[in-house]
Asker: 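Let me begin by handing over the structure; questions about it come next.
Order of the sequence lines sets the chain letters (A, B, ...), proteins ahead of strands, with each chain counted from 1.
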Amino acid sequence: MAQSKRGAYLFASKSDPADGGGWTNQQLLKDCGLVPYLLHKNHGFHSVMVGFRCNESYPYLERYLHGLELDFLPEDTLQARTNYIDSHVDDMDLLLLYGASKSYIPLVDYYKRVRPDGKIYLATDMNTIWADRIEHEESAYKNFFHSCDIIAASCRVTQKYLSAKWSVPVNLIRNGWYNFAGINFNDVRKENIILTVGRIGTFQKKTNILLEAFAKVADALPDWNLRLVGGVSKKFIPYLEKFFAEHQHLSKRVTFVGQITDRAALMAEYKRAKIFCLTSSFEGAPNVAAEALYAGNYIISSAVEAADDMINDGNCGKIFPLNDSDALAEIFLTVCPDEELIRRGGQNAATYARDQFDANKIVARLNYLLYGGEAT
Amino acid sequence: MSEMYFELGKFFFTDDEHSELLLDVRDYSSNKSRMHSHLVEDENVLRPLEDSVSRAVKEIFSGKLVSPGDFQGSHVSMAHVVTCLRIVARLLRKAQIHTVLRIGQPAPLDEPLEEILLQFNPANTIWRTPIDSANFLPEKFFDTVIFYDAGLPSPQVFLSAKDGGKVYFIAATAHVEELLRSHAKLFSPTKGLALFEVEISPQLRRELRRRTPQGQLEEKFSAIAQVVAKAPEVMKKFRSLSNRKKNSYLDEYIAEVVRAEYILAEIFPLLASDTIKFNFNLLKEFLIDLRLGNGNVARVLRQQEILALEFQTT
């Protein structure tokens, strides 16, 4: 634990959970909750997430995130935020920001005025397409970036892109994984399962690509099954009905598990699977990557920006072109029969995960970036 | 020593017995001017010039070329008028000027100066350029540079003279630092003002170059490159230290790297590399990993090699 107690406050940029605003119960276990939580648990911070009530209750807070606090603003206005800062100014040593939202600009101006000695961490939470929408040459944005002590991207591609584009240093702070449920990884027993986890059937996740690719190879890989974990989008149901009408023989080999909120139960799915497959058309740095790597999955990913990070430059996986079910099918045909490739890739994945996606190490690095040698 | 003064905007200057050409203007407020030129050098050469200069100055002060209001409160401009004409006279006497490159916005003295130049030597050529910034001056180009303005020239003006070339300017002596004064001859020092003649030596050129935007950029870049170059030596020492001392030693070097990273970010838009900032950040990241017990020296050294090469080629 750190020597002196500093206060770390993470502000939600907006209130609409459908727009990524926060906070929802689900978000608490992702990087936006993980960072303040581990700053508290491992480094002695008094950590607070300041946002908007998006769920009736927050069971994850009590179950997994002891010591992390949630404060709710009465309204989504700058005044509400500055009033909050005023009443917590003495404790607010560190301001955490999630996403390079324009709404943060006046907040940062205000914070810097009342706490000129305070530090600011900005997790950009973006890919390069979103980055291109930021008016980074505008003086307001330039001042905003220069006010932040640490700015971070969550994958190398975005880090490199922002480094070339913005006139400030950009660090890598990955979306890490933390073993909330005390999961044991010594009892891993792999089965011939291709797993995907996420919001099934949304435009982003492109689950149809996975289903089509699996259908193409199912006869050639009779021992393999597909499991899909996550809630199914209602708009996807008609597609599924049509798919299974055409591929009736796959109904027993394709399983929709549904949403799993229990961390141990979710990781059990990863631990069973030999292969994790991501078919998204775009992503920032998906949280599922760290989960799959920790479980020693061989990773097959669409060419999203974080793909190279996920497969560690080919040491634990392969990439296929976006929206290309034929290319994905080809990879299934190459990888699935190759036990040695899967075994070696899975071991590499597990080692890589513990080196690069351990949330404890990631937050320790962030703490050092912010406070240098006095942080340890 | 005679004492003369002209009071406009509280300006006061005196001559001394070594001055070559001195113009004294009195009673400007009454709109009368009495010109007195005092020549201490070769009068046979300078006398023909005297009339031209006197005429030009008369025309200026009578409001024909510029209005009196232009000089209100601008005491340096007054000396500037006098001194520029004086410089021209001296240079013409040495018959060294054949081509004049007039750089910058038109000024009130252009006409009389050009008239003088052409009268004295019709073969003189005057070229005008639209360049209005010292940043575009070529280096080591001119034999003689007359800084046709009041005050201290920027480093680029000095650098535009050849090695051994001369730069003339008029400025308040208190504003001219020791570096330039040690390389300068002073003429007609008045109360606080003097005409400076600076000869550009290679040594002075090096010092001045460091003050140009390009020179400052090169200096900053070189300082950052040195921080990078230190890494192998730092790693060697790190390995040899006891565990107790390793952390604080590495903390110091990382702090140096962090400071350098901010300077690199500042000059990055001027560098011909898209990746140098990213690669520098990787070096910092690997150092921090090492410091926190998650990294290794080999990774730091590999990244240092990549970065050092990039610094060489940028």
Side-chain angles (χ1 to χ4, degrees), chain A residues 2 38 42-43 119 124 128 131 136-137 142 145-174 176 309 312 351-376, chain B residues 217 220 224 227-228 238 241 243-296 298-300 302-303 306-307 310 314:
Chain A
L38 289 178
N42 294 345
H43 304 284
K119 297 221 180 216
T124 55
T128 60
H136 67 283
E137 291 288 341
K142 275 188 174 171
F145 292 144
H146 282 279
S147 297
C148 296
D149 296 89
I150 299 296
I151 295 177
S154 50
C155 74
R156 288 280 185 223
V157 164
T158 313
Q159 182 197 12
K160 201 168 180 179
Y161 187 75
L162 295 180
S163 276
K165 196 173 163 103
W166 295 355
S167 61
V168 287
V170 179
N171 303 275
L172 179 73
I173 298 289
R174 293 191 196 277
D309 283 42
N312 193 18
T351 306
Y352 176 55
R354 283 146 183 82
D355 183 39
Q356 290 292 316
F357 288 87
D358 180 345
N360 292 299
K361 291 180 182 175
I362 288 168
V363 174
R365 187 199 290 160
L366 173 60
N367 191 33
Y368 189 94
L369 281 168
L370 286 163
Y371 296 104
E374 66 170 280
T376 57
Chain B
L217 174 65
K220 284 179 182 171
I224 299 165
V227 171
V228 173
F238 173 77
L241 288 172
N243 284 340
R244 201 167 51 86
K245 290 189 178 167
K246 272 177 151 70
N247 282 348
S248 55
Y249 177 70
L250 206 46
D251 283 340
E252 275 177 34
Y253 180 60
I254 291 171
E256 214 179 318
V257 166
V258 167
R259 283 192 296 273
E261 188 182 31
Y262 278 105
I263 298 172
L264 179 62
E266 182 192 305
I267 66 173
F268 178 70
L270 302 170
L271 301 177
S273 165
D274 275 346
T275 54
I276 200 167
K277 193 153 134 284
F278 168 72
N279 279 324
F280 193 96
N281 186 269
L282 280 187
L283 177 69
K284 183 184 81 173
E285 180 184 315
F286 296 158
L287 283 164
I288 293 175
D289 281 347
L290 179 65
R291 168 63 175 82
L292 296 178
N294 304 324
N296 57 70
R299 195 191 270 178
V300 170
R302 261 196 313 273
Q303 184 59 26
I306 293 169
L307 192 51
E310 187 154 18
T314 297

Asker: Indicate the atoms forming the closest heavy-atom contact of B:Lys277 with A:Leu162, along with that distance.
Answerer: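 Shortest heavy-atom contact: NZ-O, 4.3 Å.
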Asker: Name the region of A:Asp358, side chain, backbone, both or neither, that has any atom closer than 4.5 Å to a heavy atom of chain B.
Answerer: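 Contact with chain B: none, neither part.
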Asker: For a quick test of reading the model, state the closest non-hydrogen atom pair linking A:Gly373 to B:Asp251 and the distance between them.
Answerer: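 Of all heavy-atom pairs spanning A:Gly373 and B:Asp251, the closest is CA-OD2, 3.4 Å.
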Asker: Any side-chain donor-acceptor pair under 3.5 Å between B:Asn281 and A:Gln159?
Answerer: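 Yes - a donor-acceptor pair under 3.5 Å links their side chains.
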Asker: Looking at A:Val168, A:Asn171, A:Leu172, which makes the most heavy-atom pairs under 4.5 Å with chain B?
Answerer: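 Most pairs with chain B among the choices: A:Asn171.
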Asker: Are side-chain N/O atoms of A:Tyr161 and B:Asp274 paired as donor and acceptor at under 3.5 Å?
Answerer: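 Looking only at side-chain atoms, B:Asp274 and A:Tyr161 do not form any donor-acceptor pair under 3.5 Å.
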Asker: If the threshold is 4.0 Å, N to carboxylate O, is there a salt bridge linking B:Glu285 and A:Arg156?
Answerer: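 A:Arg156 and B:Glu285: salt-bridged.
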Asker: State, with a plain yes or no, whether a side-chain heavy atom of A:Val170 is found less than 4.5 Å away from one of B:Phe278.
Answerer: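 No. Closest side-chain heavy atoms not under 4.5 Å.
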Asker: Please flag which part of B:Leu282 lies under 4.5 Å from any non-hydrogen atom of chain A: side chain, backbone, both or neither.
Answerer: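 Side chain only.
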Asker: Contact between B:Phe268 and A:Ser167 at the side-chain level, heavy atoms closer than 4.5 Å - yes or no?
Answerer: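 Counting from C-beta outward, B:Phe268 and A:Ser167 never come under 4.5 Å.
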Asker: Rounded to the nearest 0.5 Å, how far apart are CG of B:Asn279 and NZ of A:Lys160?
Answerer: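 Between atom CG of B:Asn279 and atom NZ of A:Lys160 there are 7.0 Å.
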Asker: Do B:Asp289 and A:Arg365 come close enough that some side-chain heavy atom pair is under 4.5 Å?
Answerer: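 The answer is yes; the side chains approach within 4.5 Å.
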